Asker: 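Just passing along the structure, written as structure tokens.
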Amino acid sequence: MKRFKPTVSHLSRRTFLQASAALGGASALGLRGAYAQEPEKPAEIIVRAWGGSWVDSLKAGVSDSFTKMTGIAVRHDLTEDNEIQPKVWAAVAQNRVPPIHINWDTTTNATKSALRGVTEDLSDLPNLANVTDLAKPAGLQGFPIVNTYGYVYVLAYRPAAFPDGPPKSWKDLLDPKFKGRLAFYNDGIGFHFPAQVAGGGKLEDIPGNMQPAWDFIAKMKAQQPLLGEDPDFTTWFQNGEIDAACTISTNAREARKNGVKIEWVVPEEGAKFDTDGLWIPKGLPENELYWAKQYINHALTKEAQQVWLDGLGLPGVVPGLTPPKDLVGDPSYPTTEADFKRLIRISSKIQVENESEWFSKFKAIMQG
Amino acid sequence: MRAARTAYPLKWRVMDALEGVAAAIWPARFRRATPYLMLLPAVLLVGLLVLGLIQIADASLRTLDTTTFQFSDNYSIANFRRALTEPLFLVVAQRSLIAALIVTAMTLVFAFPYAYLMVRTRSPGLRKFLLIALFLPFFIGQVVRAYGWLIILGNQGMVNEALGLVGVAPMRLIYNYPAVLFGLVQYMLPFAVLMLAPALTAIPEELEAAAGSLGANWVRTFIHVVLPLARPGFIGAGVVVLTLSLTDFAVPAILGGGSQDFIANAIYDQFFRTSDQGLGATLALMLVALGSILVGLVFALFGAGTLAMGRSRA
């Protein structure tokens, strides 16, 4: 397998908040100039999305206002991102019209599709002039994907299980009292990089030498953690099955909204910062491609981002967004340089090229 | 006079016409081949499966290039080498195989008395009750049943609440290997009972009465008469439960807490999580091979049981 030197960066606030163009310069239907007249509107466009509060936020922030503006209905397809991927790939390979117009995807998964060449180029979206560097997918030519926000894999915990105060380190989870009371993603996503630091290794050694991460994960295996997906974490916290988990802050926030007493921290070793994005599969009819691009362009407006990301509790890619009240000063909603210094970001290219191996390694340890 | 029309009604004329069409399509000289024609739907179905397997075999010989996420044009056995050498796949295969054997044995033990009582009871009410209890789970479905066990056996579930009433602290009853085995046995029980029941029905009650009249107590009758005659049912039920358990996905995924994967879960991961369809196809082929070998062994050692449709092994 070809190896690449890792691009490891602690995000700078200046970079993150940099605005590149005035918002007013771009109209919501800014692609119109490329066409003599507006192409025929489809009856609907289909956007793949995650369920629960994720799709509710997208609907409230982007889809409803898009429909109001254009008259085009938006249907949300809740097929899992991993499961829609082979369907889209097969459709493109067979020159069929893909089953969705827009894929709301993790940047890592979307990068796989971009590398495979099944994504449309989005460089001509006018609102890209107004976004921060975070919107640009690292290591790829142009804009086959547009990142729309960032998120943090925090250490979420039940305060009652930590009477001496919040956990400071991922190592705190090795306390024998947490045996059988922890949870991680079943492929270890979000935990590989902090484990590298907690195991005494360096981020610069990723992916060449990740033995410290595997050694630390092996220690964590002795704690007999539960392994699951996003919805599992909320359920497990609600049912009292776990005391702590490495999960996306949005899931922890959702559990808290549901009445679960839950807090979260970014431990001293850091926490993984990653992005999600939107992309359009190749093979759509011209008019549908145009309106799919309009949807993504609309998702990059300040108004749409503010409502969408208030729901998710995540920092967006348009300057000047106001954090939700409950997340002001929260490390999972990074706004200060100090916040970003504690976060770990590895390039999508390195992640997609090594993900299979990392997943296998994590699974081999946890299934052993 | 209306005789002609009455003597040869319209229906007959239609039938004649249909027969004429049938004779044109399938002439009388092909009559000897007619039974084989009946096999055509099954042959088509199996043919489609074989075509799928050929495609899977082709994919299994191609490796994924993670710089382009395209598959190699040339063939190699790299995926098979990975599947046979990486500890993860060996652990998962071993776990699946052992679970399939344990679940088969336990299910047969539980299914036999149930099927025996259902077949032999003289109470129509009890027989109906047993039948309804048997078929109800079919209507509920595997995933819902597995989630049901999460509710019953969870930390705040009914069982732990009952234990709490007698002062026992909540204990982890799910998300482990025993929970997966338990869920599978519960899921497989109806299949086994349904396969055993015809075999038990075929044992004449008079044989048991004769054994009794010759001085055998119920234990000796059971061991020397009922069990040997029920063997075809055991084999049929055993093969069905063994193959279904070996290839199960949902119960390990839901009741295993993510750490008790079976081969099917590993295949899913390769297809949908790492996008490595080549390796997924390799694991799928190996699972088909493992299942086929196991079933072949059972057939070689014990015959096909009720699956042989009443023909005993020579």
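Below, chains carry the letters A, B, ... as their sequence lines are ordered, and counting in each starts from 1. Heavy atoms only: backbone and side chains are in, while hydrogens, waters and symmetry mates are out. Just so it is clear, the structure is predicted and the values come from calculations on it, not from any experiment.
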Asker: Does any heavy atom of chain B fall under 4.5 Å from the side chain of A/Glu241, the backbone, both, or neither of them?
Answerer: both
Asker: Is there a side-chain contact between A/Ile262 and A/Phe233 (heavy atoms, below 4.5 Å)?
Answerer: no
Asker: Who wins among A/Lys361, A/Lys112, A/Lys363, A/Met366 for the most heavy-atom pairs under 4.5 Å with chain B?
Answerer: A/Lys112
Asker: Could you check which of A/Asp232, A/Asp187, A/Ile84 has the highest count of heavy-atom pairs closer than 4.5 Å to chain B?
Answerer: A/Asp187
Asker: Determine which residues belonging to residues 152-176 of chain B lie within contact range of chain A, meaning some heavy atom pair is under 4.5 Å apart, and list them by number or answer 'none'.
Answerer: B/Gly154, B/Asn155, B/Gln156, B/Arg172, B/Ile174, B/Tyr175
Asker: Does any backbone or side-chain atom of B/Asp65 lie under 4.5 Å from a heavy atom of chain A? Answer side chain, backbone, both or neither.
Answerer: neither
Asker: Before we go on, tell me: are the rings of B/Trp149 and B/Phe182 under 6.0 Å apart, centre to centre?
Answerer: yes
Asker: Under a 3.5 Å threshold, yes or no: a donor from one side chain and an acceptor from the other, between B/Asp248 and B/Gln142?
Answerer: yes
Asker: Could you verify whether a donor N or O on one side chain and an acceptor N or O on the other, from A/Gln223 and A/Lys177, lie under 3.5 Å apart?
Answerer: no
Asker: Hey, are the side chains of B/Gln270 and B/Gln277 touching, using non-hydrogen atoms and a 4.5 Å cut-off?
Answerer: no
Asker: Specify which of A/Glu355, A/Glu83, A/Lys221, A/Glu80 makes the most heavy-atom pairs with chain B at under 4.5 Å.
Answerer: A/Glu83
Asker: Could you go step by step and tell me if A/Tyr151 and A/Asp276 meet the side chain to side chain donor-acceptor pair (under 3.5 Å) rule?
Answerer: CA-CA 8 Å; A/Tyr151 55 91; A/Asp276 286 345; 3.1 Å; yes
Asker: Determine the option with the most heavy-atom pairs under 4.5 angstrom with chain A, choosing from B/Leu279, B/Val91, B/Asp261, B/Thr274.
Answerer: B/Asp261
Asker: Select, from B/Asp276, B/Asp269, B/Val92, the one with the greatest count of heavy-atom pairs under 4.5 Å involving chain A.
Answerer: B/Asp269
Asker: Less than 4.5 Å to any heavy atom of chain A: does that hold for the side chain of B/Glu86, its backbone, both, or neither?
Answerer: side chain
Asker: For the pair B/Ser245 (side chain) and B/Leu242 (backbone), establish whether a donor and an acceptor sit closer than 3.5 Å, ignoring hydrogens and angles.
Answerer: no
Asker: Which region of A/Glu229, side chain (C-beta onward) or backbone (N, CA, C, O), has a non-hydrogen atom less than 4.5 Å from a non-hydrogen atom of chain B, or is it both or neither?
Answerer: side chain
Asker: Can you tell me which residue among A/Phe191, A/Phe193, A/Phe216 is in a ring pair (Phe, Tyr, Trp, His ring centres under 6.0 Å) with A/Trp170?
Answerer: A/Phe191
Asker: Please check: side-chain N/O of B/Asn79 versus main-chain N/O of B/Arg62, any donor-acceptor pairing under 3.5 Å?
Answerer: yes
